[in-house]
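Okay, so here's the structure we're looking at.
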2 protein chains.
Amino acid sequence: MGKLIEPKVLKGFRDFLPDREAARLSLVRKLEEVFRSYGFAPIDTPVLEYAEVLLGKGGGETDKQVYRFTDHGGRDVAMRYDLTVPFARFMAAHLGELALPFKRWHAAKVWRGENTQRGRYREFVQVDFDTVGTDSASADLEILLLMRESFLSLGLGGVKVHYAHRGVFNAFLSRLGLEEKTGEVLRTIDKERKIGPEKTREMLTEVAGAHNAGRILEYARVEGSAALTQAKLGEAAGSDALGVKRLGEILTALEDLGVADTFVLDPSITRGLDYYTGIVFETFLDRLPGIGSVCSGGRYDDLASLYTSQRLPGVGASIGLDRLMAAMEELGEAGQATAGPSVLVLMLEEGLLAEYHRIAFAFRDAGIPAEVYPESRKLAVQFAYAEKRGIPLAVIAGGDERAKGVVNLKDLRSRESFDGLSLEDATARASALLR
Amino acid sequence: MGKLIEPKVLKGFRDFLPDREAARLSLVRKLEEVFRSYGFAPIDTPVLEYAEVLLGKGGGETDKQVYRFTDHGGRDVAMRYDLTVPFARFMAAHLGELALPFKRWHAAKVWRGENTQRGRYREFVQVDFDTVGTDSASADLEILLLMRESFLSLGLGGVKVHYAHRGVFNAFLSRLGLEEKTGEVLRTIDKERKIGPEKTREMLTEVAGAHNAGRILEYARVEGSAALTQAKLGEAAGSDALGVKRLGEILTALEDLGVADTFVLDPSITRGLDYYTGIVFETFLDRLPGIGSVCSGGRYDDLASLYTSQRLPGVGASIGLDRLMAAMEELGEAGQATAGPSVLVLMLEEGLLAEYHRIAFAFRDAGIPAEVYPESRKLAVQFAYAEKRGIPLAVIAGGDERAKGVVNLKDLRSRESFDGLSLEDATARASALLR
């Protein structure tokens, strides 16, 4: 035997133990159900791609964080760092096979060699959903409705989806003669939640002068009602601006559908990226607004211009699953998912092996997860195992019970025992106890 | 605009389009349900690990295929090439937190830079399930039962799980004085299905002489019944050999549980690897035995000896999901999963935006996936979209219908129309049509 190797994981990477992994799977399953109910289809793409495909000819900030190397065949390859770029490549590659508009969701890991001191992980899961191939208000509305239902399905309490329109902000800045400064202004406003209003005003003043800074901050403020905010945007950008009309359609539909409570027309939402051209949004949990947006995105003019000359406008959002899980843990909601079965069949005599597995079958047939303790060890050891795994019920049966065709059922939470039950009565009783 | 980048994927890597990805997800969901019902818990581990952790100090055949590189921090890292090594590392790292015996499943991608000419992929999904921390017959039996139920749940028809015991084969070879040649003999027998009996005899004769080759081939033959095979093994290895007793316990339990039909005691099963020490098994689809084993594994003495001095005996199996999916496609079962919704709400007038989404809500509330076509294009275009996505039902409603509070439902398969239905009647009718 050589020296042992330390079983450590890389910095920024994590194991998921059963309770946490069960919670993560459960989250994704719930989202998947909602996506399916809206006609969004699942896809998957490779983890490794040609570096040129993922990074273009760029040399941006992201590039430095990408895991990139030369493979066995001398190819320059990289691990995906988001799900948007692979989706763009996917659309360009399969345009002929797909019906447009195309609606997809994709839940998968991505990798970035980020600075872990900021509590960031280098391996994390994103859940993206997009509709591409249409510019329509209906697709914008559908994404907003889908975000709302996704979060309702997770049982984390209410959310507020803050939304705005990049085209409207751009039109307003043009009117101020700040067209050239658009990027700087948007990125400054985007940071307001982090840096506070004082610092924001200071920075805007530097970029656009004191007067314009005041007007911009006024523009970005949420008014007493969505209608008032909407009216203000109309004045600021011109009520005939396309974006103003689009916001109006969405606003009316949200009200008609009786879901306007979830949505906040909030002109301070800009999403820093140049990528977005239409509606943009961020989502905050009512019970934990401080953790920041748990689902963000917006409308873009053209998804896949790097790979195809066919214009593919779309709208989409991305859920940061790890931030969401951290929120659930903070809210004490994460313990709900238990990775253990509901029933442990204790092993009293190894000679009754088949009998114990037959009992487990009966519980499973009744929809109750069950397992057999695999060795005839002391009962104290078997009970300790049940406790450590959080298994609530135990079945105890030896030769005597077998001869009589009965089992004893014990509720390990209340320590109540139900002795001499037929297998049928035992499964019925277990169902009742688990309800 | 620069030159377009070709949207190609790396050789040996694949995109999964909606129907296929939906089929893959559906497979994993079904397996997950069965694992859960047996008390197996999900875990996850990082895709990237220290190369030393994944490869030890080895220099084996696998190593050359591993994606290995130096990360930003100068660390020697590698992408996982199976789920067993990361599981061993995981167990060693978390022994204090886990209840033993520990039962886990893990469905995830792994990567090997294999020769793609043999139809192999470089990125593929494995589904592993193991029980560690016990040597017991019950754990062996449970894995066999779980394999049986897993395949039953997939609806691919029957399977035969062929099983044997490595300890018994070893004891038999010792008696023949072939202890030193054990590895060579086992690997030769393991190849018999591929190379045929003639070539096998020839190779065995070379290794062990003509007389022993005959005895080994006789040993490896499946007899007319499991009891006869079992008796032959007892004679060959000594009826007091531990493995013979273990096979007897399993055989009896499978018969007592009424599931013996699924299992074949088949002494030719050896699983080439030195790793296995007890029961070993392979699984063949009744309808497609020729594609080879779709689920293989066995019992091992010690899972994590590279990382911890605590002995962790266990038993486990691995499903090759890609081979299974290829089988489903060959059997014509893959088309079952459709990634599209059941209802398309056509858009006749953009002014009725909220109305169309309200109709979609009503279908979803009735458990029927539904979406709104996002633009008021020609009906022919909207019907063509429904057809391309395989959507069976359409809802057609304009201003007139809205005024009357009704919708028209059309079955796109039969071209039958149901006009002037209330929304409630329309969802009920749709449920009936989809049943």
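Proteins come first, then strands; the chains are lettered A, B, ... in the order of their sequence lines, and each starts at number 1. Because only heavy atoms are used, hydrogens play no part in the values below, and waters and symmetry mates are left out as well, while side chains stay in.
Closest non-hydrogen pair, A:Leu257 versus B:Ala354, comes out as CD2-O, 3.3 Å. Across all non-hydrogen atoms, the minimal contact from B:Leu100 to A:Tyr373 is O-OH, 4.5 Å. In terms of heavy-atom proximity, A:Pro101 sits nearest to B:Pro374 at CG-CG, 3.5 Å. Scanning both residues, A:Arg36 and B:Pro369, for their nearest heavy atoms gives O-CB, 3.3 Å. Taking each heavy atom of B:Arg75 and A:Leu10 in turn, the nearest pair found is CD-CD2, 3.7 Å. Of all non-hydrogen atoms in A:Arg389 and B:Gly39, the two that sit nearest each other are NH2-O, 2.8 Å.
Taking A:Phe16 as the reference, nothing meets the ring pair (Phe, Tyr, Trp, His ring centres under 6.0 Å) condition, with sequence neighbours excluded. Checked against ring pair (Phe, Tyr, Trp, His ring centres under 6.0 Å), A:Phe35 has the following partners two or more places apart in sequence or in another chain: A:Trp105, A:Phe129.
In this structure, B:Tyr50 and A:Val9 have side chains that are not in contact, with every pair of non-hydrogen atoms separated by 4.5 Å or more. At least one side-chain heavy atom of A:Arg364 sits under 4.5 Å from a side-chain heavy atom of B:Tyr38. B:Lys8 places none of its side-chain heavy atoms less than 4.5 Å from the side chain of A:Tyr307. In this structure the side chain of A:Pro18 reaches within 4.5 angstrom of the side chain of B:Leu98, judged on heavy atoms. By the 4.5 Å heavy-atom criterion applied to side chains, B:Leu4 and A:Leu306 are not counted as neighbours. Contact of the B:Leu17 side chain with the A:Ile43 side chain is not registered, since no non-hydrogen atoms from C-beta on lie closer than 4.5 Å. Considering only heavy atoms from C-beta on, A:Met347 comes within 4.5 Å of B:Ser138 through its side chain.
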Original post:
Going through the checks in order, is the salt bridge (charged side-chain N to carboxylate O under 4.0 Å, His left out) test met by A:Lys109 and B:Asp44?
Top reply: CA-CA 11 Å; A:Lys109 285 183 176 178; B:Asp44 190 41; 2.7 Å; yes

Original post:
Is there a side-chain contact (heavy atoms from CB on, under 4.5 Å) between A:Leu48 and B:Met79 once you walk through the steps?
Top reply: CA-CA 10 Å; A:Leu48 278 184; B:Met79 294 170 77; 4.0 Å; yes

Original post:
side chain to side chain donor-acceptor pair (under 3.5 Å) between B:Glu375 and A:Thr134: does it pass, once the steps are laid out?
Top reply: CA-CA 8 Å; B:Glu375 299 171 10; A:Thr134 174; 2.4 Å; yes

**OP:** Check the pair A:Asp15, B:Arg89 against salt bridge (charged side-chain N to carboxylate O under 4.0 Å, His left out), reporting the backbone distance first and the verdict last.
**Re:** CA-CA 10 Å; A:Asp15 285 327; B:Arg89 198 268 309 139; 2.6 Å; yes

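Using a 4.5 Å cut-off between heavy atoms, B:Asp135 contacts chain A through its backbone alone, with no side-chain atom that close. Heavy-atom distances place both the backbone and the side chain of B:Arg358 under 4.5 Å from chain A. Neither the backbone nor the side chain of B:Phe363 comes within contact range of chain A, judged by heavy atoms closer than 4.5 Å. B:Glu255 does not touch chain A: none of its heavy atoms, backbone or side chain, sits under 4.5 Å away. At a 4.5 Å heavy-atom cutoff, the contact between B:Val47 and chain A is made by backbone and side-chain atoms alike. Contact annotation for B:Tyr356: neither backbone nor side-chain heavy atoms come within less than 4.5 Å of a heavy atom of chain A. No part of B:Ala360 comes within reach of chain A, as not one of its non-hydrogen atoms sits under 4.5 angstrom from that chain. Proximity to chain A (any heavy atom under 4.5 Å) is shown, for B:Met91, by neither the backbone nor the side chain. Contact of B:Leu25 with chain A is made through the side chain alone, with heavy-atom distances under 4.5 Å. If you measure heavy-atom distances from B:Glu49 to chain A, the contacts under 4.5 Å come from both the backbone and the side chain. Heavy-atom distances place both the backbone and the side chain of B:His357 under 4.5 Å from chain A. Of the atoms belonging to A:Glu149, it is side-chain heavy atoms, and not backbone ones, that fall under 4.5 Å from chain B.
The candidate with the highest count of non-hydrogen atom pairs below 4.5 Å against chain B, out of A:Lys11, A:Glu355, A:Arg24, A:Glu387, is A:Arg24. Heavy-atom pairs under 4.5 Å with chain A peak, among B:Phe102, B:Phe40, B:Phe13, at B:Phe13. For the options A:Ala139, A:Ala370, A:Gly113, A:Ala92, heavy-atom pairs under 4.5 Å to chain B are most numerous at A:Ala370. In terms of non-hydrogen atom pairs under 4.5 Å with chain B, the most contact-rich of A:Leu141, A:Val372, A:Thr252, A:Asp71 is A:Leu141. Note on A:Pro46, A:Ser136, A:Ser309: by heavy-atom pairs under 4.5 Å with chain B, the leading option is A:Pro46. Counting heavy-atom pairs under 4.5 Å between each of B:Glu97, B:Glu6, B:Glu350, B:Arg68 and chain A puts B:Glu97 at the top. Between chain B and the options A:Ala88, A:Ala93, A:Ser376, the largest number of non-hydrogen pairs under 4.5 Å is found for A:Ala93.
Note that the NZ atom of B:Lys103 and the CD atom of A:Glu371 stand 3.5 Å from one another [nearest 0.5 Å].
Tested against A:His72 for a ring pair (Phe, Tyr, Trp, His ring centres under 6.0 Å), the candidates B:Trp111, B:Phe69, B:Tyr67 yield a single pass: B:Tyr67.
Contact check on B:Arg29 versus A:Glu32 returns a salt bridge, with a Lys/Arg side-chain nitrogen under 4.0 Å from an Asp/Glu carboxylate oxygen.
Remark: B:Arg14 CZ is packed, more than 12 non-hydrogen atoms of other residues, nucleotides or ligands lying under 6.0 Å away.
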